[in-house]
Amino acid sequence: MSDNSLRLVWVYPDLLSTYGDQGNVLVVERRARQRGLDVQRVDVRSDQPIPTSGDIYLIGGGEDRPQRLAAERLLRDGGLERAVSNGAIVFSVCAGYQILGNEFVNDMGERQQGLGLLDVVTVRGEGERCVGDVLADIDPRLNLPPLTGFENHQGVTHLGPTAKPFARTRLGRGNGTGDGTEGAYNDTVFGTYMHGPVMARNPLIADLLLKLALDVNALPAIDDRWYDALRAERIAAATQPA
Ligand code: GLN
């Protein structure tokens, strides 16, 4: 971060913003402002270049065709990869997560190159679509409470050696591989299948991104009672017998 303002980039809202994933930007932006940070939020449409000087980049989910177009444009643009090599933090959801991987299967049934920012490969699941509420334990190294969200995807994501599972599912399918993993991350790049929006259900993930971007170990506490109520309600709904 430079000149005391945090640059938050929302990537391709015109193609990648299903299930209210835009809420992720609102939550990160608000929690930064609540800590007295000056936030510059930039929404970058798919016909615009990706700025390379952002601190945090957020990418949402999308339908299969917009996902193919978004991946083509991001790869041609190259800005996101440059931003990551400059130390930027990236958090991606569902189609966005798949795009950041090495490869995914697109809407034409073809293998399509991803950005290679996460060591994952996504194939098209042969079984039922993964749909429903998810409850998972986030990698203890990240020191976060359980992950709540919902998933809706056909893709099945396999992790390579340099990607760590973001979480382990208690309920739901996550990466869809049957090994209980959900999402993936490395030092600065995160991917999850969780919608919700995931930051509204798990605001401490937003704080994790802020801490990484600011290079601090802690942030001033804020009143999270509304988030806590939402979390409790969604976890109860997901775990109570039908
Ligand atoms: N098209 C992808 C899949 O079904 C991503 C879907 C999404 O982003 N909701 O796997």
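We count ligands from 1, going down the list as the structure has it; atoms in each ligand are counted the same way. Keep in mind that the numbers below use all heavy atoms, side chains included, and drop hydrogens, waters and symmetry copies.
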Notebook entry, point to check: Hey, is the main chain of D228 close enough, under 3.5 Å, to the side chain of D224 for a donor-acceptor pair?
Noted result: no

Check: If you count the non-hydrogen atoms of other residues, nucleotides and ligands that lie under 6.0 Å from CZ in R30, is the total more than 12?
Finding: no

Notebook entry, point to check: Name the residues in contact with ligand 1, where contact means a heavy atom under 4.0 Å away: which are they?
Noted result: Y19, G61, G62, D64, Q67, C94, A95, Q98, R129, N152, H153, Q154, G155, H195

Pairwise distance [atom1]([X]) to [atom2]([Y]) - rounded to 0.5 angstrom:
| X | Y | atom1 | atom2 | value |
| --- | --- | --- | --- | --- |
| T169 | Y193 | OG1 | OH | 13.5 Å |
| D119 | H158 | CG | NE2 | 13.0 Å |
| L210 | R31 | CG | CZ | 8.0 Å |

Next item on the list: Describe, in one word, how the ring planes of F166 and F91 are oriented to each other, choosing from parallel (under 30°), tilted (30 to 60°) and perpendicular (over 60°).
Entry: perpendicular

